Amino acid sequence: MLPKRYDHLLTGGKYYQKWREAGFFEPTFDVKKKPYSLVLPPPNITGKLHLGHALDTTVQDAIVRYKRLAGYDVLWVPGMDHAGIATQAKVMQKLKDEGQDISKITREAFLKAAWSWKDVYAEEIKKQWEFLNASLSHRFLRFTLDSELNQVVNQVFKEYYEAGLIYQGERIINWDPALKTAISNMEVIRKDVEAKFYYLKYYLEDRSAFVVIATTRPETCFADVALVAHPKDQRYLKYQGKNFVNPTNQEVIPLIFDDYVDPSFGTGMMKCTPAHDQNDYNLGIKYHLAMPNCMNKDGTINALGHKYQGLDRFIAREQLISDLIALDLVVKVENIKHNLGFSERSGAVIEPYLSKQWFLKMRPLAENAIKHRRDLKWIPAKYEKIFLNWMNNAEDWCISRQLWWGHQIPVYYHRETEAVVVSETPLDPKFYYQDPDVLDTWFSSALWPFSTLGWPKIPSHLARYFPLDIQVSAYDIIFFWISRMIFSSLYFTKEVPFRNVFIHGIFRDASGRKMNKSLGNGIDPVVVINTYGLDALRLFLLSSVSPGIDFRYSDDKLKEANNFLNKFWNVARYILDLTSAVNLSLIPTTFSFINQAFLSKLSDFEKKYFKNFDKYQIHLSSKYLISFVYEVFSSEYLEFSKVLLLSKDEKLGAETKWVLLYALKTILRLIYPLTPDVAETIYVEIPGHLNSIMEESYQPFIALKRTSKSIKKYELLNHFISEIRSFKATSNLPPNAAFKMRVSETKLEPEFLEVLKRFTFAKEVILEEDIKEQPLVTFVKGEVEISLFGDGNFALKAELLKQLTILEQEIKRGEGMLNNANFLAKAPLEKVNLEKNKLIKYQEELTKVRNILKQFD
RNA sequence: GGAUGUUUAGCUCAGCUGGGAGAGCAUCGCCUUUACACGGCGGGGGUCGGGAGUUCAAACCUCUCAACAUCCACCA
């Protein structure tokens, strides 16, 4: 017996362990079933649960729950990501907080601390999955640093290397001086900031004249190797062949000409510092310039800076400038808005920095991915264009990181010869030492779909579950992750990693701003779930998850979801009270037109729900379900059924109870992927239920014949009810105002008249007979006319004129279409006939209304 | 600079293959009808951003203008 009010505390979180222990979450390997597989985007072991996780996880959970009931053997691989930089920073902070001297810590000691951090957070994440009711296949749990996955990473590295796709090189990379590691350009956040533009004097060697160079980073001047001007710039051509003196270190540098320089920007002349700027580096390569580096890895100035050595880059900048001002070498200092890169992780200003790193060559991999673009479907389709655009422009990926936490690069150097050997297994440390760097976190994530399925050692798992059926993700990691999985998988398995990519938006706050830490506008899902319940949150998420569109948090919508669940709860409670004795397997042989029509509507809705779910239009399926329950199930049918149950016809009563229970069970199965806890709680109250709703399936229970005749009559009944209700409301009558009613059609079923009577509060219903008195109002629909009689002075004529106007408008519209020769000639016959039939019907109704109106003349 | 979107009721947003403009909230009116007041019934409210085109037919396809948003690449 269910309590009167839905309360999420009654349902939330009650079944997870039970379901899990019963093995419902694990794949069955049942060859009679079609496999269906996906991987959870592995959360970082740094992390706190946020609404984005709730969304992403819920979408996947709804899909897998749906697919299981639809008869698939489902594998949903859970996992966690070591999240190199992020975790290392947090573990270091923790050690620091514990009073340890970070500068003295050894790699081994650090890794020990990091692994115990991982153990703690792994448990935390598992709790979060339970909290979100994520029906993951726990037996497949993986961690990106597992030794099996490390083997895969080493193998992949070696194969790439041997194919010439991984190479080592001195390049300008994005250097994070706080974390002392290279990062990829995607991990650089660009922001416009206030900066200063310093105009410095570079004198000719003979000090007869000077040119002015503007720079935002004067501290890099210690590494200047040339000045550059545009080859057609008349201002500077006269200095061709001359040398200039670097004001910061008095070194003599040449002037060169290259059309890279924009004469209209700044002073039209720039300094070339190849080790500290990408474009300068390009020039350095082109003109074979030296590439001195004036900065240490922690962002302090090195020996090239002479007296500034050891100072932080920003302090050195200030001191240098004040010294140069004292020497009259600064023309002016200008305030400008400048676009600067910051590290996504540490927030430090990124230093473009010449450094030896490992790179993955993107061109061939990208082209391969572009070639196979038809093998996977993006939902929504626009992301395919975005993906292709990125692939077309992808630059080589810097994959090495100067960190400890991650997959150490499987490259060994000979201690004497420095010969480079790539090896999947460690080499004898007597002769070799391993590259100390680790790989970018995303390098191992890129292999996730096939590495977690046992590639290359468990071909049976791969054969059955790979490629995955779907990958669900927010759009913000398309380039970090989705793209990289695609090209990695195509290279190593010759297949796309997944057939479908479902891209959803990100969460915004109620006023549309992105949620982030510094704004403090984040919303804690734990609070939301404790307030409204997980199932209300899920229903809100799933009915709003329009592919690719951002979410706006809304308390109103959560309340709405909660109200819906209360509604459904009460529908269920009412039906369960009535139907404890019903045996669903005893199917009635015939049905009243109301039951018949309702069953048809139910089946139409079910088809629509499946069709949209199969296309991953989950929000449409959810919305259809909500409106079916509100409008058709509870508002119409449930109310009609009350009349049927009052009938003295026992068969009709029994049949109606059967339909009520059948409908409840059908809807429970459909709502289950959306709100599993509520569904299970109600399900186990159903007579003849199985152990769990998870043992149910979407196999059709009965074969229904669609009867358009029943549906028409049902709609006719509905039409009159709402016409009469509307008449009362607009005539300022209370809804329960009672009238005598005349119905012109004598062949209507008794239940038609009973329902009509109850819902219009008619005192009595008279069939056909002449009634001398003038009706208050008459309604016409198809063959049937209904008139109300009683006291009062209501504007029948006005009511009829209103109907007349509507009919005339409809007829005008129909005639307009049908008098159009082009429409008749070119529109499909089906559409033309439809319009013809409607026109005839409206014309008949018009005649009737006109006849009634004649009585007033 | 390159790319991709968005613009529909007061607000937040649906709208599938081109075939009579929808929901929730808000608003107004009525109703304690025994599943539910976290409820029921009824109403008002829209030039589908502007313009042009294709089509028998356009919120939907094409072009164009405008505003807004996101991503990528960015000048010393």
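Everything numeric in this text was worked out from a predicted model, so none of it was measured. Every chain is numbered from 1 and lettered A, B, ... according to where its sequence line falls, protein lines coming before strand lines.
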Does B:rA14 have its OP1 or OP2 closer than 4.0 Å to a side-chain nitrogen or oxygen of A:Ser546? yes
Q. Under 3.5 Å, is there a donor-acceptor pair linking the side chains of A:Tyr6 and A:Asn562?
A. no
Next on the checklist: Using OP1 and OP2 only, check whether a side-chain N or O of A:Arg758 sits under 4.0 Å from B:rU33.
Outcome noted: no
Separation of B:rU17 atom P from A:Lys615 atom NZ, nearest Å, is 6 Å
Looking only at atom C1', what distance separates B:rA69 and B:rU33, rounded to whole Å? 50 Å
Rounded to whole Å, the CZ-P distance (A:Arg573 to B:rC38) equals 14 Å
Assess, by modelled atom type and distance only, whether the side chains of A:Ser641 and A:Lys657 contain a donor and an acceptor separated by less than 3.5 Å. no
message = Between B:rG51 and B:rG45, how many Å separate the two C1' atoms, rounded to a whole number?
response = 27 Å
Between CG of A:Asn392 and P of B:rU4 the distance, given in whole Å, is 12 Å
Once you measure the plane-to-plane angle for A:Trp390 and A:Phe479, does it fall in the parallel (<30°), tilted (30-60°) or perpendicular (>60°) bin? parallel
Among B:rU4, B:rG15, B:rC25, the one nearest any side-chain atom of A:Asp556 is B:rC25
Notebook entry, point to check: Under 4.0 Å between a Lys/Arg side-chain N and an Asp/Glu carboxylate O for A:Glu835 and A:Lys831?
Noted result: yes
Which part of the nucleic acid, if any, lies within contact of A:Lys4, taking any heavy atom under 4.0 Å across all strands shown: a base, the sugar-phosphate backbone alone, or nothing? sugar-phosphate
To the nearest angstrom, the CZ-P distance between A:Phe727 and B:rC30 comes to 18 Å
> Distance between the C1' atoms of B:rC63 and B:rA26, in whole angstroms?
Replying inline: 39 Å
Given protein heavy atoms under 4.0 Å, the one-letter contact record of nucleotides 53-61 of chain B, with B base, S sugar-phosphate only and - none, is simply ---B-----
Q: Could you check whether the rings of A:Tyr475 and A:Tyr383 sit parallel, tilted or perpendicular, using 30° and 60° as the cut-offs?
A: parallel
Quiz item: Between B:rC48 and B:rA14, how far is it from one C1' atom to the other, in whole Å?
Solution: 13 Å
Between CZ of A:Phe640 and C1' of B:rG40 the distance, given in whole Å, is 14 Å
| message | Base, sugar-phosphate or nothing for A:Tyr842? Non-hydrogen atoms, less than 4.0 Å. | response | base
Atom CG of A:Leu625 and atom C1' of B:rA14 are separated, to the nearest Å, by 16 Å
Winner on side-chain proximity to A:Leu620, out of B:rA35, B:rA14, B:rU12, is B:rA14
In whole Å, measure the gap between the C1' atoms of B:rA52 and B:rA66 for me. 15 Å
Suppose you measure atom C1' in B:rC56 against the same atom in B:rA67; what distance do you get, rounded to whole Å?
35 Å
How far, in whole Å, is B:rU8 from B:rG46 if one measures between their P atoms? 15 Å
Is a donor-acceptor contact shorter than 3.5 angstrom present between the side chain of A:Tyr630 and the base of B:rC36?
no
(message) For a quick test of reading the model: is some side-chain N or O of A:Lys642 closer than 4.0 Å to OP1 or OP2 of B:rA35?
(response) yes
(request) If the plane angle is over 60° it's perpendicular, under 30° parallel, otherwise tilted; pick one for A:Tyr637 and A:Phe598. (result) parallel
Closest to the side chain of A:Pro735, out of B:rA14, B:rG39, B:rC30, is B:rC30
Note to self: What's A:Leu834 touching, base or sugar-phosphate or nothing? Going by heavy atoms closer than 4.0 Å.
What the structure shows: nothing
For nucleotides 70-76 of chain B, 5' to 3', base contacts (B), sugar-phosphate-only contacts (S) and non-contacts (-) with protein non-hydrogen atoms under 4.0 Å give SS-SBBB
When A:Ser726 and A:Glu631 are each assigned the nearest nucleotide of RNA chain B, the 5'-most assignment goes to A:Glu631
* Rounded to whole angstrom, note down the P distance from B:rG49 over to B:rC11. => 14 Å
Below 4.0 angstrom, N of the basic side chain to O of the carboxylate: do A:Glu639 and A:Lys642 qualify? yes
Salt-bridge test for A:Glu384 and A:Lys377: reply yes if a basic N is under 4.0 Å from a carboxylate O, no otherwise.
no
Stems in RNA chain B, runs of 3 or more consecutive Watson-Crick or G-U wobble pairs with both distances under 3.5 Å, sorted by first number, are B:1-7 with B:66-72, B:10-13 with B:22-25, B:27-31 with B:39-43, B:49-53 with B:61-65
Any N/O donor-acceptor pair, A:Glu639 side-chain to B:rA35 base, under 3.5 Å: yes
Under 4.0 Å, heavy atoms only, any strand: does A:Ser635 hit a base, just the sugar-phosphate, or nothing? sugar-phosphate
- Query: Parallel, tilted or perpendicular: which describes the rings of A:Phe605 and A:Tyr609, with under 30° parallel and over 60° perpendicular?
  - Reply: perpendicular
Original post:
Does some side-chain heavy atom of A:Thr11 sit less than 4.5 Å from a side-chain heavy atom of A:Leu534?
Top reply: no
Discussion item. Classify A:Phe551 by what it touches in the nucleic acid, base, sugar-phosphate, or nothing, heavy-atom distance under 4.0 Å.
Written reply: nothing
- Determine the interplanar angle of the A:Phe387 and A:Trp378 rings, folded into 0 to 90°, and report it as parallel if under 30°, tilted if 30 to 60°, perpendicular if over 60°. tilted
Below the 4.0 Å mark, does B:rA3 have OP1 or OP2 next to a side-chain nitrogen or oxygen of A:Lys382?
no
Polar contact flag, side-chain donor to acceptor under 3.5 angstrom, A:Asp258-A:Tyr287 | yes
From CZ of A:Phe564 across to P of B:rA23 the rounded distance in Å is 17 Å
Answer with yes or no whether the side chains of A:Ser554 and A:Asp556 bring together a donor and an acceptor at under 3.5 Å. no
Checklist entry - Which is true for A:Lys567 with a 4.0 Å heavy-atom rule: it touches a base, it touches only sugar-phosphate, or it touches nothing? => result base
Practice item. Give me the ring orientation class for A:Phe197 and A:Tyr199: parallel if the planes are under 30° apart, tilted from 30 to 60°, perpendicular past 60°. Key: perpendicular
task: Just call it for A:Ile549: base, sugar-phosphate, or nothing, with non-hydrogen atoms closer than 4.0 Å on any strand.
output: sugar-phosphate
From NZ of A:Lys623 across to C1' of B:rG15 the rounded distance in Å is 9 Å
**OP:** Just say parallel, tilted or perpendicular for the rings of A:Phe633 and A:Phe628, cut-offs at 30° and 60°.
**Re:** parallel
